[in-house]
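Small disclaimer: the values here were computed from a predicted structure and weren't measured.
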Amino acid sequence: ERGVKHVEELMACRAEGYEATLFFVVQMENVKWLAPNDRTHPAFGAAVRRAAAAGVKILAHTCCVRPDALEEEGACKFCKTAKNAGIPLT
């Protein structure tokens, strides 16, 4: 529920004319795409899609996690659903 609340706060900021960005830090290397996990938290996925439609920028970056450092690797594609990523769902 907390994640949904934060996304809704970003939508409210955007509605007031502010720039708003939802930034996902993916703590794995070589990730090509990211999508909300609607199976485990459908309300969060729905909120993220509403935010994107409302003009909130959605960004995702991967990183390399080491015992003594966290190194940004680069951007990965954000997909509104796993189906949009072209990944077969089982």
Side-chain angles (χ1 to χ4, degrees):
E1 300 305 319
R2 192 174 102 197
V4 172
K5 180 182 177 194
H6 291 313
V7 173
E8 289 172 345
E9 289 170 347
L10 289 172
M11 286 187 281
C13 290
R14 188 70 189 113
E16 292 178 16
Y18 294 99
E19 293 293 322
T21 303
L22 178 57
F23 188 88
F24 291 95
V25 176
V26 182
Q27 294 184 1
M28 294 175 66
E29 296 179 71
N30 301 315
V31 173
K32 304 298 180 213
W33 60 272
L34 172 80
N37 188 340
D38 289 313
R39 290 182 190 164
T40 60
H41 201 328
F44 181 75
V48 171
R49 287 184 285 279
R50 285 194 312 273
V56 175
K57 294 177 189 171
I58 313 290
L59 301 175
H61 279 238
T62 61
C63 59
C64 177
V65 179
R66 304 198 194 303
D68 61 341
L70 182 72
E71 298 174 10
E72 192 266 342
E73 188 178 59
C76 66
K77 179 180 177 183
F78 176 79
C79 301
K80 293 179 183 173
T81 67
K83 186 175 182 179
N84 289 358
I87 304 301
L89 300 177
T90 57

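Residue Pro36 comes nearest to Arg49 through the heavy atom pair CG-NH1, 4.1 Å, listed as atom of the first residue, atom of the second, then distance.
Val65 and Val25 fall into different hydrophobic clusters, defined by Ile, Leu, Val, Met, Phe, Trp and Tyr side-chain heavy atoms under 4.5 Å apart, directly or through other members.
Counting non-hydrogen atoms of neighbouring residues, nucleotides and ligands closer than 6.0 angstrom, the CD atom of Glu71 exceeds 12 such neighbours.
A search for side-chain contact (heavy atoms from CB on, under 4.5 Å) contacts involving Glu16 returns Tyr18, not counting sequence neighbours.
Between the side chain of Arg14 and the backbone N or O of Ala20 there is no donor-acceptor pair closer than 3.5 Å. In this structure, Glu8 contributes its side chain and Ala47 its backbone to no donor-acceptor pair below 3.5 Å.
A distance of 5.5 Å separates CD of Glu1 from NE2 of His41, quoted to the nearest 0.5 Å.
When hydrophobic residues (I, L, V, M, F, W, Y) are linked wherever their side-chain heavy atoms come within less than 4.5 Å, the members clustered with Met11 are Val4, Val7, Leu10, Leu22, Phe24, Val26, Met28, Val31, Leu34, Phe44, Val48, Val56, Ile58, Phe78.
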